[in-house]
Amino acid sequence: MEQLPLFLDLKSKSCLLVGAGDVAERKARLLLRAGARLTVVAPSISDYFESLDRAQVTISQQAFAPNVCEGHHLIIAATNCEAVNRAVADASQRLGIWCNVVDRPALSSVFFPAMIDRSPVTIAIGTGGHSPTLARWLKRRIEAGLPSRLGILGKALGRWRRHVQMQIKDAAIRQRFFERILDGPIARHVLAGRVADAEAAFAREIKTPREKQGEAYLVGAGPGDVGLLTLRGHQLLSQADIVLYDALVSEDVLEFARRDAKRVCVGKRPGESHKQAGLTQSFVGLVKKGYRVCRLKGGDPFIFGRGGEEIQALAEAGLPFEVVPGITAAQGCAASAGIALTFRNIASSVTLATGSVGKGNEPDWALLARPEQTLALYMSMASLEMVSANLIAAGLAPHTPAAVVEKGTLEKERIVDATLAGIAAACCEHSIGSPAMLFVGKSVALRASSANEYNWNRKDVLLFQNVMSA
Ligand code: SAH
């Protein structure tokens, strides 16, 4: 984090503003709205400053001198004179006082965010000084989605808070009570301007007895790109008390968890599948204790995700659960690489399978080697050579197009194009690692991406010609 956002209570706190032109006026208006006691120092002042009530603002018509900084909580320099701005920054730094020099991030220790004021609710947006335009653009987007009576809702919740704290002692139950208010009719009444109805509904709601009931959410986090998380997945993830996540889940997706939620990485590494039973047990145990537990899985929970075993255990324990599908790696990687999993007249079906072979886990190679389909193979990297040899032995032509997508949908995505016979060597050559998806089938040669404009001299065009003549 480049900067820590904080909210300042400036009521009756003395602040110094150096400068008294148009820019200074904008800052003065903000500081006065926040209740600050303002001292303005400038050799000459504009009509706005002239018109201010001197009970609120002390105006000192003089050139800046470092000694005027003493005793203030916050200092703002808004002059068009570089030497003065610099002198203000230096004096503030010497005295250890937070200072903002307008439009000069290098001289500032504190920054004004883009702001949405629906008092008492305020939203501040910062870009670490990189782009005020981006901050304003974000502000417009956020503002457009906010209800106009947000401030009234904030005040109502503030009024009720004390009462709820007295009535509901358990912090987790209290939090859920407030969430129910926000998601339900009480907040809707307030936001529609029916405050009396809201008060009546609140009075009824607070009398209803409640207990902490655990809930389980199995959420598919998608293949990595945060934009591929579903809205429902986002909703449940952001309300869970505990998040149990897989190693494959990206940091960006985890960011949507509540700040106070406990996050536990339960990622199994290859060869650790025996840990599943213990994991399921502790998942069930936490839900039994009354927590809302989000089991966040890479891709989709039901595709090589062992989600089936987890919901069986939850159902046996009589616990409520919800499953939210995710975009599976096959879909994410195919979309990203421009591979159409089905393709008219070329691939009429798609098979999701694993190329990893374990005890009693031998894939049905004959089925996988059927023509006219696209194969999407998970967990195949460790045995890539063996996978392609088996597919060829089962009848697939060695020149069948194949591609491997490593870290699909993520920034470091890499794609290797080859033939089935050559894919293992090509991956070895590029040191392709995990996670990666293997795609096999004629449609793979027809992949197209807008990132590198389709180049008709590319190797896969040769493959394409092979495909068409095969
Ligand atoms: N439930 C997951 C699959 C878990 S199995 C899903 O639906 O996607 C783990 C395998 O998924 C990895 O070995 C790899 O083959 C594949 N995988 C997951 N994320 C991937 C990604 N971002 N890029 C490529 N392959 C990925």
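Scope of the values below: all heavy atoms of this structure, side chains included, with no hydrogens, waters or symmetry mates. Atoms within each ligand, like the ligands themselves, are counted from 1 in listed order.
Sorted by chain and number, the residues within 4.0 Å of ligand 1 by heavy atom are Pro223, Leu248, Gly298, Gly299, Asp300, Ile303, Phe304, Thr328, Ala329, Cys333, Tyr378, Met379, Val405, Lys407, Gly408, Pro435, Ala436, Met437.
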Apply side-chain hydrogen bond (donor to acceptor under 3.5 Å, both in side chains) to residues Ser119 and Asp117 and explain how you reach the verdict.
CA-CA 5 Å; Ser119 285; Asp117 183 4; 2.5 Å; yes
Test side-chain hydrogen bond (donor to acceptor under 3.5 Å, both in side chains) applied to Glu413 and Ser336, step by step
CA-CA 9 Å; Glu413 175 181 285; Ser336 201; 2.6 Å; yes
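Cation-pi geometry between Lys27 and Phe112 is met: the NZ or CZ atom falls under 6.0 Å from the ring centre, inside 45° of the normal.
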Exercise answer: donor-acceptor pairs, residues 340-349 side-chain atoms, under 3.5 Å, sequence neighbours excluded:
none

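Aromatic ring pairs are classed by plane angle as parallel below 30°, tilted from 30° to 60° and perpendicular above 60°; the pair Phe202 and His163 is tilted.
When each of Glu322, Glu215, Glu179 is tested with Arg292 by the rule salt bridge (charged side-chain N to carboxylate O under 4.0 Å, His left out), just one qualifies, namely Glu179.
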